[in-house]
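Letters A, B, ... mirror the listed sequences (proteins, then strands); counts begin at 1.
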There are 2 protein chains.
Amino acid sequence: MKDTNMALSGAKAEILKALAHQTRIYMVEELAKGEKCVCEFVELIGSDFSTVSKHLSILKNAGLVQVDKRGQKVFYSLKAICLTGFLSCIETIIKSNLEEQNSMFK
Amino acid sequence: MKDTNMALSGAKAEILKALAHQTRIYMVEELAKGEKCVCEFVELIGSDFSTVSKHLSILKNAGLVQVDKRGQKVFYSLKAICLTGFLSCIETIIKSNLEEQNSMFK
DNA sequence: ATGTTATTTGGTAATATAAGCAAACAAGCA
DNA sequence: TGCTTGTTTGCTTATATTACCAAATAACAT
């Protein structure tokens with residue numbers, strides 16, 4: 001095992017882990033449409049402030065989103081724009097998986 | 001919360017979870033160079049057959065890799081080609097994160 | 001001052017993931 | 001038959017993640 005390569009893979013895994021959660025993917029997809037404040041997410045997702053805030057800080061710490069405080073509110077927006085193409089790759093995979101499943105029943 | 005959107009995000013999360021592990025990212029990156037048999041991974045990673053086989057089956061079940069049995073050996077190759085661009089997006093994020101950390105000490 | 005918006009910490013409890021080991025099982029090769 | 005290569009299951013142990021609740025703290029607005 002080449003330690004340097006494995007370490008790099010580990011760093012990449014940390015970022016992917018930040019994204020690999022139903023709620024956080026949903027957040028990123030909502031942010032792809034435009035910035036949102038925390039209160040909007042609280043309403044949209046239906047969890048309490050504490051939970052929503054934790055999810056957002058995980059995305060922030062991974063460098064995937066950025067923060068802008070304006071007035072009383074805190075707005076989050078997408079920082080890593082390439083995430084959009086990223087998620088469309090995942091959609092391609094999901095479609096491909098579904099097609100294979102369907103072809104098993106023909 | 002819109003249930004249909006959340007369900008889709010959940011499906012995407014399942015695929016990302018399959019990838020969000022140091023060893024499995026390393027495997028995908030090795031497969032990006034070309035196919036490899038299980039025995040090669042066992043030597044490369046240094047875990048036993050059981051562990052390596054489990055990781056590969058997680059990638060296979062997520063639809064990220066495909067299998068080709070030839071002779072005594074089982075060869076794995078990358079199925080979702082878009083994963084390459086995928087991982088380069090992650091690298092961009094890592095570099096960006098490092099630059100921000102560095103600028104904090106100037 | 002008071003209310004709104006948000007973050008962070010601490011605690012509990014449930015669930016998920018991971019690694020290693022052992023062993024059973026299967027397929028191809030000599 | 002025996003060897004190599006894999007897969008799968010069962011088991012144990014350790015660690016991580018998640019959700020929720022409560023409470024302290026902070027910034028801004030009225």
Euclidean distance, atom CG of residue B:Leu19 to atom C1' of C:dA18 [Å, nearest integer]: 17 Å
Ring pair (Phe, Tyr, Trp, His ring centres under 6.0 Å) contacts touching residues 51-75 of chain A (sequence neighbours left out): A:His21-A:His55
With B:Ser47 via side chain to side chain donor-acceptor pair (under 3.5 Å) - residues at least two apart: none
Per-nucleotide protein contact string for nucleotides 15-25 of chain D, where B marks a base within reach and S marks sugar-phosphate only (heavy atoms under 4.0 Å, - for neither): ---SSBBB---
B:Thr84 to B:Leu78 - nearest heavy-atom pair and separation: OG1-CD2, 4.3 Å
Separation of atom NZ in B:Lys69 from atom P in C:dA26, rounded to whole Å: 12 Å
Side chain to side chain donor-acceptor pair (under 3.5 Å) partners for B:Glu40, two or more places apart: none
Terminal axis angle for the helix from C:dA1-D:dT30 to C:dA30-D:dT1, five pairs an end, nearest 10 degrees: 30°
Integer-rounded Å distance: C:dA6 C1' and A:Lys73 NZ: 12 Å
Qualifying ring pair (Phe, Tyr, Trp, His ring centres under 6.0 Å) pairs with a residue from residues 81-100 of chain B, counting only residues at least two apart or across chains: A:Phe86-B:Phe86
Residue whose closest nucleotide on DNA chain C lies nearer the 5' end, A:Ser57 versus B:Gly71: A:Ser57
Counterpart residues, salt bridge (charged side-chain N to carboxylate O under 4.0 Å, His left out), relative to A:Asp48 (two or more places apart): none
Between C:dT7 (P) and A:Asn61 (CG): distance, integer Å: 12 Å
Cationic N near anionic O, under 4.0 Å, A:Glu35 to A:Arg70: yes
For B:Glu29, all residues meeting side chain to side chain donor-acceptor pair (under 3.5 Å), sequence neighbours excluded: A:Ser9, A:Lys12
Atom-pair distance (CD on B:Gln72; C1' on C:dC29), nearest Å: 5 Å
Atom-pair distance (CZ on A:Arg70; C1' on D:dA29), nearest Å: 16 Å
Integer-rounded Å distance: C:dT7 C1' and A:Asp68 CG: 16 Å
Value in whole Å for how far the P atom of C:dT8 lies from CG of A:Leu56: 11 Å
Qualifying residues under side chain to side chain donor-acceptor pair (under 3.5 Å), relative to A:Asn61, sequence neighbours excluded: none
Phosphate OP1/OP2 of D:dT5 contacted by B:Tyr76 side-chain N/O (<4.0 Å): no
